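Right, one structure below, let's go through it.
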Amino acid sequence: MAGIHHPTNEVSVDLGRLFASLAANWLRIVLVAIGVTAVALAVTRNAMPRYQGETRLLIETRQAGFLRPGAGALNDRPILDEEGLTSQAEVIASADILKQVARKLELFSLPEFDQAAETTVIGKLLVAAGLLSDPAELSPEEHILKAMREKLNVYRLEKSRVIVIEFSSGDPRLAADVPNALADAYIALQRDTKLPGEARIFSRAIIAAEPHFPKMLPIVGAALAASLLVMAIVTLLQALFSGRAMRPGHGAKPGPIVQVLMPAAVDLSGTDEQGAEPQRHVASGKEAALYARREVDIKTAAERLITGGAARAVVVSPEGDKAAATAAFIAREVSHRGLRVLLLDLTASGAASLMMLRSRFHAGITNLLASEAQFSDVIHADRYSDCHVIPLGTADLERALRAADRLPIIMNSLTTAYDVVIVECGAADAAGIRRLVSEDTEIMVSVVEPDGAAVAESIADLASGGCGRLTRVSPLGYERSGSSVRSAA
């Protein structure tokens, strides 16, 4: 439609509004972050501390290769190559050495290695779920070995001949005694067997003064930073998806929404306050031809929307409340044909949605624009059909108007979710409906009194504003389910 085309897809992110949402929601962000940090602090304080001891061994040859009988590269390989060094770590964690250390330190008598410890309620649930082996199926010796391996970590430092023995325990002394005992047992085993190298301990485990886990400061700090980051991201995403941080692109030419939310009642007496005849708009030949076209009924208008493939229908009702029922009737008729339909009521009186919801106190488009509600809160079901309704709403109008440039984005979202979106604009003019119109929009004028001055002036204004394709619709005579237009309105 030349002259009133609105490029609704040309939207961009307003970075100022996007980051302003962080300032607007700072209290929620801070409260959530404090809550998460408090939980992390409580969990850290109540967690069982774990201490860790570390012993380091150096694997080296006993003497230079050329001084030993039968020395050579092949004789050195079992101990000093990559595979040989890795295998020594496996020897340290072997069952024989673990059993020897367990007997020496009498681990079987410690509560930490008690076989009955896993028979707690949580342990039984894990066993029943198959996530934990049944302790009753293990011998005491097997249970000790299993518990030691869970707390033990033996590995070789990359590109070196150093083997590290780490052991964790709730007892700081035991966390140091076990890796030291394992290192001593390994060295004794080497000595007792004319093993091709030798090992020496160059760093013994000492009793840790502080637990290895949990580290209170890093955990609490990470919880605070992560919660702040997550809440900031959530707030920014909400601003994006709700449309509060979006604005029409440079190609968009939004019109003032205040002209859409006009009073639905107009003076049809034909005179102004001084009793003089009002000035009539002088229509061109094209406008006169448009005005002379005969109006269609509700069913024909609905059929035109369906067959024409229109995604939107903008209905202008220059005669006020008595003509605003047209949009509701068209929506019901299209819904009766099996399409998903939504009626958006932009009249200041809420006349179109009132006859469908029987109340003016539902959340609606003003609540959505004012960021007081989400889509799910403002979409309501018609009492007499399957179509949905977004009424005017209950939010402060001035606050809603400040977010008027979100209306094209809201319209895009609605036309994606519904087959047809019908917008009742009341007594709006061409400038007022500009932001509601796109290439696939049908503009309709509701006509109750065909010869009324308000209708003539409205059609002339729309025609001169570029709305060259107008459909005049009369609600008179429309009946469905035994209710006539006059009784239903």
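Computed from a predicted structure; not experimentally measured. Count residues from 1 along the sequence.
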Salt bridge (charged side-chain N to carboxylate O under 4.0 Å, His left out) evaluation trace for Arg161 with Glu60: CA-CA 7 Å; Arg161 291 177 290 166; Glu60 56 187 358; 5.3 Å; no
Nearest-0.5 Å distance, CG of residue Asn25 to CE of residue Met231: 8.0 Å
From CE (Met444) to SG (Cys425), nearest 0.5 Å: 12.5 Å
Gap between atom CD of Gln88 and atom CD1 of Ile59 - 0.5 Å precision: 5.5 Å
Stepwise salt bridge (charged side-chain N to carboxylate O under 4.0 Å, His left out) check, Glu150 with Lys146: CA-CA 6 Å; Glu150 289 176 352; Lys146 178 176 178 291; 2.9 Å; yes
Thr235 side chain to Arg28 side chain, donor-acceptor N/O pair below 3.5 angstrom: yes
Value rounded to 0.5 Å, distance of CD1 in Ile219 from CG in Leu217: 10.0 Å
Minimum heavy-atom distance between Val420 and Ala310, given as atom pair plus value: CG2-O, 3.7 Å
Arg304 side-chain N/O to Glu442 backbone N/O, donor-acceptor pair under 3.5 Å: no
Arg337/Glu303 under salt bridge (charged side-chain N to carboxylate O under 4.0 Å, His left out): CA gap, chis, key distance, verdict: CA-CA 9 Å; Arg337 309 287 181 94; Glu303 187 66 29; 2.4 Å; yes
Donor-acceptor under 3.5 Å (Arg406 side chain, Ile410 main chain): no
Straight-line distance of Leu105 CG to Ile144 CD1, nearest 0.5 Å: 11.0 Å
Whether Ser227 side chain and Leu224 backbone form a donor-acceptor pair below 3.5 Å: yes
Side-chain touch Arg358/Arg383, heavy atoms, less than 4.5 angstrom: yes
side-chain contact (heavy atoms from CB on, under 4.5 Å) between Ile92 and Ile165, worked out: CA-CA 8 Å; Ile92 295 175; Ile165 307 173; 3.7 Å; yes
Heavy-atom pair of closest approach, residues Ala428 and Val316: O-CG1, 3.3 Å
Donor-acceptor pair, side chain of Glu166 and main chain of Gly53, under 3.5 angstrom: no
Atom pair NZ/CG of Lys104 and Asp177 - distance to nearest 0.5 Å: 9.0 Å
Identified side-chain hydrogen bond (donor to acceptor under 3.5 Å, both in side chains) partner of Ser169 from the options His212, Arg50, Glu112: Glu112
More than 12 heavy atoms of other groups within 6.0 Å of Ile207 CD1: yes
Ser335 versus Asp386, side-chain donor and acceptor atoms under 3.5 Å: no
Flag side-chain contact, heavy atom, 4.5 Å: Tyr51 against Pro49: yes
Whether Ser413 side chain and Ile409 backbone form a donor-acceptor pair below 3.5 Å: yes
Shortest non-hydrogen contact from Ala370 toward Arg399: O-NH2, 3.2 Å
Expected output: side-chain Asp377 to main-chain Gln374 donor-acceptor under 3.5 Å: yes
Backbone of Gly393 reached by a side-chain donor or acceptor of Asn367 within 3.5 Å: no
Check against side-chain contact (heavy atoms from CB on, under 4.5 Å), Arg56 and Phe202: CA-CA 6 Å; Arg56 295 195 172 200; Phe202 70 90; 3.6 Å; yes
Non-hydrogen side-chain atoms of Leu343 and Val421 separated by less than 4.5 Å: no
Side-chain touch Ile187/Ile201, heavy atoms, less than 4.5 angstrom: yes
Intermediate values then yes/no, side-chain contact (heavy atoms from CB on, under 4.5 Å), Ile163 and Tyr155: CA-CA 6 Å; Ile163 294 179; Tyr155 60 93; over 6 Å; no
Side-chain heavy atoms of Asp345 within contact of Ile365, under 4.5 Å: no
Any donor-acceptor pair under 3.5 Å from Asp419 side chain to Arg340 backbone: yes
Shortest non-hydrogen contact between Leu174 and Phe167, atoms and distance: O-CD2, 4.2 Å
Intermediate values then yes/no, side-chain contact (heavy atoms from CB on, under 4.5 Å), Arg204 and Asp184: CA-CA 10 Å; Arg204 281 188 171 272; Asp184 292 336; 2.6 Å; yes
Side chain proximity check, Ile330 to Leu305, heavy atoms < 4.5 angstrom: yes
Minimum heavy-atom distance between Glu424 and Ala324, given as atom pair plus value: OE1-O, 3.6 Å
Heavy-atom pair with the smallest gap, counting every atom of Ala199 and Gln190: N-OE1, 3.1 Å
Whether Thr366 side chain and Leu392 backbone form a donor-acceptor pair below 3.5 Å: yes
Non-hydrogen side-chain atoms of Leu22 and Ile29 separated by less than 4.5 Å: yes
Ring pair (Phe, Tyr, Trp, His ring centres under 6.0 Å) between Tyr418 and His388, worked out: CA-CA 10 Å; Tyr418 292 89; His388 290 168; 5.7 Å; yes
Leu57 and Val162, any side-chain heavy atoms less than 4.5 Å apart: no
Polar side-chain atom of His380 near backbone of Ser353 as donor-acceptor pair, under 3.5 Å: no
